[in-house]
> 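Next up is a structure, given as structure tokens.
Note that this is a predicted model, so its numbers are computed, not measured. Start at 1 and go down the list; that is how both ligands and their atoms are numbered. Sequential numbering from 1 along the given sequence is applied to the chain's residues.
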Amino acid sequence: MPTLTKLYSMEEASQHNTQEDCWVVIDGKVYDVSSYLDEHPGGDDVLLGATGKDATDEFEDAGHSKSARELMESFCIGELDPTSPAIPELEIFSKKQELQGIRQKVINLSKQYWVVPVAVGLSVVVGFLYLRKK
Ligand code: HEM
């Protein structure tokens, strides 16, 4: 009996581009590497950066070993639908920019929240010193 391979479009694969949910497409196959991000010796950022496109060249350029290639098979969840259109580079770029923008906003906000306890602490110290002088 023939085995049924699940087919995914590049559009669908590209939706999985976060730290919790990350798919990469290499040589026509789709890999769910979400559980491997933290362990990937090349870093999680390269895997996240390889989402939404055919990452075959980048994968080959890194010179992966035979054991890496064996390991990757355990993450294979299906194949790329050959009829599905590729996503234009610009769109991938703007999606990543969008994510970067959100990340930056969160960082900025957390920086602001540091200011509050520091300001409160400073006013308590200044107030205390002032009262002691009196
Ligand atoms: C299922 C997918 C993948 C698996 C299982 C995997 C696994 C591994 C393993 C085991 C290594 C250690 C070296 C080796 O044994 O070859 C490695 C290194 C590396 N990988 Fe991957 N990898 C995957 C996908 C990718 C992709 C898509 C990229 C690039 C976009 C990438 C970039 C790298 C880089 C840059 C290194 C470090 C090479 C070095 O510093 O020597 N990997 N990977």
> Evaluate the criterion side chain to side chain contact (heavy atoms under 4.5 Å, CB included) for residue pair D32 and C22; output intermediate values, then yes/no.
CA-CA 6 Å; D32 179 352; C22 176; 5.7 Å; no
> Do the side chain of S84 and the main chain of M10 share a donor and acceptor less than 3.5 angstrom apart?
yes
> Could you check atom 11 (C) of ligand 1 against the protein and tell me its nearest heavy-atom contact, residue, atom and distance included?
P41 CG, 3.4 Å
> Distance-only, no hydrogens or angles: does the T56 side chain make a donor-acceptor pair with backbone N or O of D27 under 3.5 Å?
yes
> Which part of L47 is near ligand 1, with near meaning a heavy atom under 4.0 Å away: side chain, backbone, both or neither?
side chain
> Roughly, to 10 degrees, what angle do H64 atom NE2 and H40 atom NE2 form around atom 21 (Fe) of ligand 1?
170°
> Could you walk me through whether E73 and R69 pass the salt bridge (charged side-chain N to carboxylate O under 4.0 Å, His left out) test, one step at a time?
CA-CA 7 Å; E73 285 319 310; R69 287 161 200 275; over 6 Å; no
> Is the shortest N/O to N/O distance between S65 and ligand 1 below 3.5 Å?
yes
> Going by a strict under-4.0 Å cutoff (protein heavy atoms only), does atom 41 (O) of ligand 1 have a neighbour on the protein?
no
> Looking only at distance, does E58 have an N or O less than 3.5 Å from an N or O of ligand 1?
no
> Check each atom of ligand 1 against the heavy atoms of V33 and keep those under 4.0 Å away; list them by number with element.
1 (C), 2 (C)
> Decide yes or no for V30 and E79: does some side-chain heavy atom of the first lie under 4.5 Å from some side-chain heavy atom of the second?
no
> Report yes if Y36 has an N/O atom closer than 3.5 Å to an N/O atom of ligand 1; otherwise report no.
no
> Using the side chain to side chain contact (heavy atoms under 4.5 Å, CB included) rule, take Y31 and Y36 through it: C-alpha gap first, then chi angles, then the decisive distance, then the call.
CA-CA 10 Å; Y31 300 89; Y36 188 60; over 6 Å; no
> Go through the steps for W23 and T51 under the test side chain to side chain contact (heavy atoms under 4.5 Å, CB included), then give the verdict.
CA-CA 6 Å; W23 292 8; T51 56; 5.8 Å; no
> Would you verify that at least one protein heavy atom lies under 4.0 Å from atom 13 (C) of ligand 1, or report that none does?
no
> Is there a chain of hydrophobic side chains (I, L, V, M, F, W, Y, each step under 4.5 Å between heavy atoms) that links F75 to F59?
yes
> Closer than 4.0 Å to some heavy atom of A62 - which atoms of ligand 1 meet that?
32 (C), 33 (C), 34 (C), 35 (C)
> For atom 36 (C) of ligand 1, grab the closest protein heavy atom and report residue, atom and distance to one decimal in Å.
G42 CA, 3.4 Å
> What residue and heavy atom of the protein are closest to atom 3 (C) of ligand 1, and at what distance?
F59 CE1, 4.0 Å
